[in-house]
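These notes are about the structure you will find just below.
This structure is a prediction, so every number in the text was calculated from the model and none was measured.
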Amino acid sequence: MYSVMRTIITTSGFLACLLLATSSPAIDKIEVQGLFSGKAVLLIDDKRHIVAEGEASPEGVKVISADSKSAVLEVDGEQKRYLLGNSITTNYAAPASIKEQIISDGAGMFFTYGSINGHSVKFLVDTGATTIAMSAIDAKRLGIPYRMIGKPSRASTASGIAETYEIQLKTVKVGRLVQRNVDAVVINGNHPREVLLGMTFLDRLKVAKEGNKMTLEQKQ
């Protein structure tokens with residue numbers, strides 16, 4: 001009787017392990033979004049995790065080592081070093097069109113989050129702005145030496161004529177949409193309150209608006 005029960009338990013345990021192994025979802029994409037001493041920020045199939053050295057994400061991606069410059073990740077038993085922004089694609093299907101959808105707020109404004117030169121930014125999407133525009137306060141926060149690298153100019157604003165500096169941003173990112181060498185302007189003072197995402201970024205995309213939804217799509 002004991003032998004029979006032991007066989008049943010062992011068989012059940014084997015079937016449970018087999019079920020777990022076969023039902024584990026495949027990982028399509030991993031993106032290294034942040035690097036710190038001893039941990040990495042990973043976006044795994046649109047789910048963000050902060051994983052410390054020696055630990056693994058719920059999907060099974062293990063961080064072997066990490067510092068502010070790179071991380072060694074173990075994926076499916078293979079280890080490789082990755083830099084900030086690197087992506088790991090585990091399926092090799094043709095890439096789908098990259099789209100980002102933004103929902104307007106109660107006042108009809110389209111706000112979204114992204115980054116400039118690797119620093120987080122809150123954007124106000126403004127199709128009426130000819131360029132990306134930010135205040136001097138935001139420029140300083142982003143570490144942009146606009147007075148040193150910018151071309152002095154003047155522009156008409158709601159508060160009158162303002163001193164401006166024409167600059168070029170290394171990278172601008174909204175979701176998975178990334179552009180490099182994007183023209184922008186820094187307005188001396190504390191306006192605009194949010195960085196305006198203008199046409200120097202939007203003109204490179206397909207922009208569609210329907211009701212309270214705006215879709216930004218990478219041009220093919």
So [Y] and [X], do their side chains get closer than 4.5 Å, heavy atoms only?
{"X": "V178", "Y": "R180", "result": "yes"}
{"X": "Q101", "Y": "I103", "result": "yes"}
{"X": "T171", "Y": "I116", "result": "no"}
{"X": "R204", "Y": "V182", "result": "yes"}
{"X": "K47", "Y": "H49", "result": "yes"}
{"X": "V125", "Y": "I102", "result": "yes"}
{"X": "V207", "Y": "M214", "result": "yes"}
{"X": "K80", "Y": "Y82", "result": "yes"}

Counting distance only, does the side-chain N/O of [X] pair as donor-acceptor with the main-chain N or O of [Y] below 3.5 Å?
{"X": "Q218", "Y": "I98", "result": "no"}
{"X": "D67", "Y": "S37", "result": "no"}
{"X": "R176", "Y": "K99", "result": "yes"}
{"X": "S57", "Y": "V61", "result": "yes"}
{"X": "N188", "Y": "T164", "result": "no"}

If you round to the nearest 0.5 Å, how far is [atom2] of [Y] from [atom1] of [X]?
{"X": "Q179", "Y": "D203", "atom1": "CD", "atom2": "CG", "answer": "9.5 Å"}
{"X": "I30", "Y": "L43", "atom1": "CD1", "atom2": "CG", "answer": "10.0 Å"}
{"X": "I187", "Y": "R154", "atom1": "CD1", "atom2": "CZ", "answer": "12.5 Å"}
{"X": "Q168", "Y": "N181", "atom1": "CD", "atom2": "CG", "answer": "4.5 Å"}
{"X": "T215", "Y": "E210", "atom1": "OG1", "atom2": "CD", "answer": "8.0 Å"}

Exercise. Hey, which of V41, V63, I44 is the one that makes side-chain contact (heavy atoms from CB on, under 4.5 Å) with V51?
Worked result: V63
Under a single-linkage definition using a 4.5 Å side-chain heavy-atom cutoff for Ile, Leu, Val, Met, Phe, Trp and Tyr, are [X] and [Y] assigned to the same hydrophobic cluster?
{"X": "I144", "Y": "L197", "result": "yes"}
{"X": "V186", "Y": "I149", "result": "yes"}
{"X": "V195", "Y": "V185", "result": "no"}
{"X": "V121", "Y": "L124", "result": "no"}
{"X": "L205", "Y": "L196", "result": "no"}

For this session: Please collect all salt bridge (charged side-chain N to carboxylate O under 4.0 Å, His left out) contacts where either partner lies in residues 211-220, sequence neighbours excluded, each pair once.
Result: none
Exercise. What residues, two or more places apart in sequence or in another chain, satisfy side chain to side chain donor-acceptor pair (under 3.5 Å) together with Y165?
Worked result: R147, E163
Exercise. What residues form a side chain to side chain donor-acceptor pair (under 3.5 Å) with Q79, not counting sequence neighbours?
Worked result: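 Scan of Q79 (side chain to side chain donor-acceptor pair (under 3.5 Å), adjacent residues dropped) gives E74.
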Could you pull out all donor-acceptor pairs under 3.5 Å where a side-chain atom in residues 104-114 meets a protein atom, sequence neighbours excluded?
| from | atom 1 | to | atom 2 | distance (Å) |
| --- | --- | --- | --- | --- |
| D105 | OD1 | A107 | N | 3.0 |
| D105 | OD1 | G108 | N | 3.0 |
| D105 | OD1 | M109 | N | 2.7 |

For this session: Take E53 and K39 through the test salt bridge (Lys or Arg N to Asp or Glu O under 4.0 Å) and record every step on the way to the result.
Result: CA-CA 6 Å; E53 285 181 351; K39 59 185 177 182; over 6 Å; no
Distance-only donor-acceptor hits, side chain of residues 127-136, under 3.5 Å, sequence neighbours excluded:
| from | atom 1 | to | atom 2 | distance (Å) |
| --- | --- | --- | --- | --- |
| T131 | OG1 | D183 | O | 3.2 |
| T131 | OG1 | T200 | OG1 | 3.4 |
| S135 | OG | I137 | N | 3.4 |
| S135 | OG | D138 | N | 3.1 |

For this session: Tell me, yes or no, whether the heavy-atom count around I50 atom CD1, taken from other residues, nucleotides or ligands under 6.0 Å, exceeds 12.
Result: no
Exercise. Minimum heavy-atom separation for G118 to S115, with atom names?
Worked result: C-CB, 4.2 Å
Problem set entry | Audit row: V32, L83, side-chain contact (heavy atoms from CB on, under 4.5 Å) steps and yes/no | CA-CA 7 Å; V32 181; L83 304 176; over 6 Å; no
Problem set entry | ILVMFWY cluster membership beyond I64 - transitive side-chain contacts under 4.5 angstrom | V72
Problem set entry | S70/R81 under side-chain hydrogen bond (donor to acceptor under 3.5 Å, both in side chains): CA gap, chis, key distance, verdict | CA-CA 7 Å; S70 65; R81 185 174 298 278; 2.9 Å; yes
Problem set entry | Test: E31 and K173 ion pair at under 4.0 Å | yes
